2 protein chains.
Amino acid sequence: MKSSPMSRSTLKKTPLRPSSRQALVAPAFSPLYRQIKELMVRALGAGEWAPGAAIPSESELAVRFGVSQGTVRKAIDEMAAENLLVRRQGKGTFVASHNDPRSFYRFLRLTPDDGKVRQARSEPLGCRADEADEAVARVLQIQAGDAVVVLERLLRFSGDPVVLDEIILPADIFGTLTLDMLKHSDRSLYSVFESQFGVRMIRAEERLRAVAADARASSLLEVPEGTPLLLVERVTYTYGDRPVEWRRGRYATAQYHYFNELG
Amino acid sequence: MKSSPMSRSTLKKTPLRPSSRQALVAPAFSPLYRQIKELMVRALGAGEWAPGAAIPSESELAVRFGVSQGTVRKAIDEMAAENLLVRRQGKGTFVASHNDPRSFYRFLRLTPDDGKVRQARSEPLGCRADEADEAVARVLQIQAGDAVVVLERLLRFSGDPVVLDEIILPADIFGTLTLDMLKHSDRSLYSVFESQFGVRMIRAEERLRAVAADARASSLLEVPEGTPLLLVERVTYTYGDRPVEWRRGRYATAQYHYFNELG
DNA sequence: CAGTGGTCTAGACCACACT
DNA sequence: GTGTGGTCTAGACCACTGA
């Protein structure tokens, strides 16, 4: 069959086309590959394909969605660009996972000034139940007063304390989190979250400022009180842009810096 | 002509294929579209297409390079993703430019806490000739002792001083820069650099730390001495990954923050 | 209207990984 | 060898812009 107008209407899904023109101010025309992408993201969110596992091959998906392989490919291209999937030539396409050593500290932008790689070690300090205040509720899109879990931890690079994190998590997902689950794990937090709670962190937003070290930060990071610290507030999102973590980190930047590339 | 082995050898450029297999440890196989991209980047660097101007249409380029339109498209796709080009449906593909109001402060990540947009105004303070010390020379890939231009400027948001920048530029490009060229310009620095010196800033790397305000920063940013400030060191690159600017900015982050998205 | 980029398809072949 | 993703082509049609 040559490409013809018919091929469009023989699609199993008959995806919405902008034929009903000028619907609204924002008609939100969506090309086929983007609709396929949405279906696949939904499948990911629903857990149809587990983190680390291979998804079906491009040709299988093409059959399943009733489109050509090229269209599936474009959908996967975008998802790979967003770090939702990882392509491996000759092997297949895999669901990205924080269990993959290559992305253990994917969101950590702190780098030693001398560039030498160092072993990162997470030292959990405390884990308590609390209620969300106004600010937390707004960020996590829950109600003020809702139960949350507050986790404190220290991140060390080859022994030196460098990052003090306060991590706030909604209890409806992370309510059963305990210090013990983190104490003897040499994996990253997100790796544990993914395995134990089935929540995959997809993307994050960080807001940075400079602040003075308070008493607690000063003692834990082993710097004089008042030392300028980098305050990094992070909101982390899972599938469907749902915020599932609010993190406030204090970075000691005497021998480390926050690295960022601007494109 | 159906796609056949012949179509490969009828290419005008007969681009290098990895047929001579296993050349070295890093054979650096380069697909056609990437070779096309390299040719186009070189054309951009050589000034064949000026910033803001339209490049030839995809089909013209396909003829010129002796490849299919789809291959040119893939090359342009990558360049658009790197902000080298801007596609505009129905109009053409254009060379990205800092003169475009949409990218006036493309590399400035500072955002007001309340989210309200503010008018940014650059106030040049000084401009002097100097010699590169060891550190500057290393970053700008020039020789220690080479001539540089040092520019100081204050960035205000609706009147409030927020960023104090010290900007170091190689004199072989920017030797003729004067305060007057900046004094009465309401455009961004990079916009001036592009128009006056023909240097387009492509990408940048930033390294952030927290430091205490020294006397000068304190007086210009109108904060007490010792106030924690965000120190942002930026190296900016033009075509061919050539570093052409080293900038050291001190950001007052009482009502503003540095925003970063992690993908 | 013609010209541009944007989408979609179908098919061929290449590179890579496993068995 | 078989199956996967990766590249390249050719052609059709859609959507947008501006004359």
Side-chain angles (χ1 to χ4, degrees), chain A residues 1-11 13-23 27-37 53-63 65-80 85-94, chain B residues 1-23 27-37 54-63 65-80 85-94:
Chain A
M1 173 177 63
K2 290 279 192 149
S3 57
S4 71
M6 274 322 284
S7 64
R8 182 58 42 79
S9 46
T10 56
L11 291 172
K13 301 274 171 186
T14 53
L16 74 101
R17 303 298 295 170
S19 326
S20 50
R21 29 191 45 272
Q22 300 283 11
F29 159 71
S30 184
L32 239 194
Y33 72 85
R34 211 174 283 275
Q35 300 175 40
I36 303 301
K37 178 185 165 191
I55 68 171
S57 74
E58 294 181 353
S59 43
E60 279 180 84
L61 290 168
V63 172
F65 294 123
V67 299
S68 84
Q69 193 214 21
T71 300
V72 169
R73 167 159 274 271
K74 235 191 144 177
I76 294 180
D77 277 345
E78 284 204 355
M79 296 172 75
L85 300 175
V86 177
R87 318 185 85 132
R88 274 183 256 187
Q89 184 169 153
K91 300 179 74 172
T93 302
F94 300 78
Chain B
M1 174 175 65
K2 290 278 193 154
S3 58
S4 72
M6 275 320 284
S7 63
R8 183 55 45 78
S9 45
T10 55
L11 291 173
K12 292 196 183 111
K13 301 275 172 185
T14 53
L16 72 100
R17 304 297 295 168
S19 325
S20 50
R21 29 191 46 272
Q22 299 283 11
F29 159 72
S30 185
L32 240 196
Y33 72 86
R34 211 173 282 275
Q35 300 175 41
I36 303 299
K37 179 185 166 193
I55 67 171
S57 73
E58 295 182 351
S59 42
E60 280 179 83
L61 290 168
V63 172
F65 294 123
V67 300
S68 83
Q69 194 216 21
T71 300
V72 169
R73 166 160 275 271
K74 241 198 137 171
I76 294 179
D77 277 346
E78 285 205 355
M79 296 172 75
L85 300 175
V86 177
R87 319 186 83 131
R88 275 182 255 187
Q89 182 170 152
K91 301 180 73 173
T93 302
F94 300 77

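Here is how names work: the chains are called A, B, and so on, in the same order as the sequence lines, proteins then strands, and each is numbered from 1. Computed from a predicted structure; not experimentally measured.
- Annotation: the span from E60(B) atom CD to E58(B) atom CD amounts to 11.0 Å, rounded to 0.5 Å.
- Rounded to an integer number of Å, the gap from CG of L61(A) to P of dC8(C) is 16 Å.
- Proximity note for E58(B) (side chain, C-beta onward) versus dT4(C), dT9(D), dG5(C): the nearest is dG5(C).
- When rounded to the nearest whole Å, the span between CZ of F94(A) and C1' of dC16(C) equals 13 Å.
- Toward the 5′ end of DNA chain C lies the nearest nucleotide of T71(A), the other residue of the pair Q89(A) and T71(A) mapping further downstream.
- Base pairing of dT19(C) is not made with any nucleotide, judged by Watson-Crick or G-U wobble geometry with both donor-acceptor distances under 3.5 Å.
- Remark: R87(A) is not positioned above the aromatic ring of F94(A), lacking an NZ or CZ atom under 6.0 angstrom from the ring centre and at most 45 degrees off the axis.
- Dashed line: the shortest gap from a side-chain N or O of R73(B) to OP1 or OP2 of dG6(C) is under 4.0 Å.
- In terms of phosphate contacts, R87(A) brings a side-chain nitrogen or oxygen within less than 4.0 Å of OP1 or OP2 of dG6(D).
- Contact annotation for T93(A): backbone-only contact, meaning every heavy-atom pair under 4.0 Å involves sugar-phosphate atoms and none involves a base.
- With dT4(C), dT7(C), dT9(C) as the choices, the nucleotide that has an atom nearest any side-chain atom of E60(B) turns out to be dT4(C).
- Protein atom CD1 of I36(A) is 13 Å distant from nucleotide atom C1' of dT7(C), rounded to whole Å.
- Rounding to whole angstrom units, CG of residue D77(B) and C1' of dG5(C) are separated by 10 Å.
- Judged purely by atom type and a 3.5 angstrom limit, Q35(A) uses its side chain to pair as donor or acceptor with the backbone of S30(A).
- For the pair E78(B) CD and dG6(D) C1', the computed distance is 12 Å after rounding to whole Å.
- For the pair Q69(A) and S59(A), the tightest heavy-atom approach, listed with the atom from each and the gap, is CG-N, 4.2 Å.
- Screening T93(B), D77(B), L61(B), V63(B) for a side-chain contact (heavy atoms from CB on, under 4.5 Å) involving V72(B) leaves a single residue, L61(B).
- Taking atom CD1 of residue I55(A) and atom C1' of nucleotide dG5(D), one finds them 11 Å apart after rounding to whole Å.
- Between K91(B) and dG3(C) there is no side-chain polar atom (N or O) within less than 4.0 angstrom of OP1 or OP2.
- Rounded to a whole Å, the CD1 atom of I76(B) is 7 Å from the P atom of dG5(C).
- In the set dT4(D), dC8(C), dT7(D), the nucleotide with an atom closest to the side chain of L32(A) is dC8(C).
- As rounded to whole Å, 10 Å separates atom P of dT4(D) from atom CD of Q69(A).
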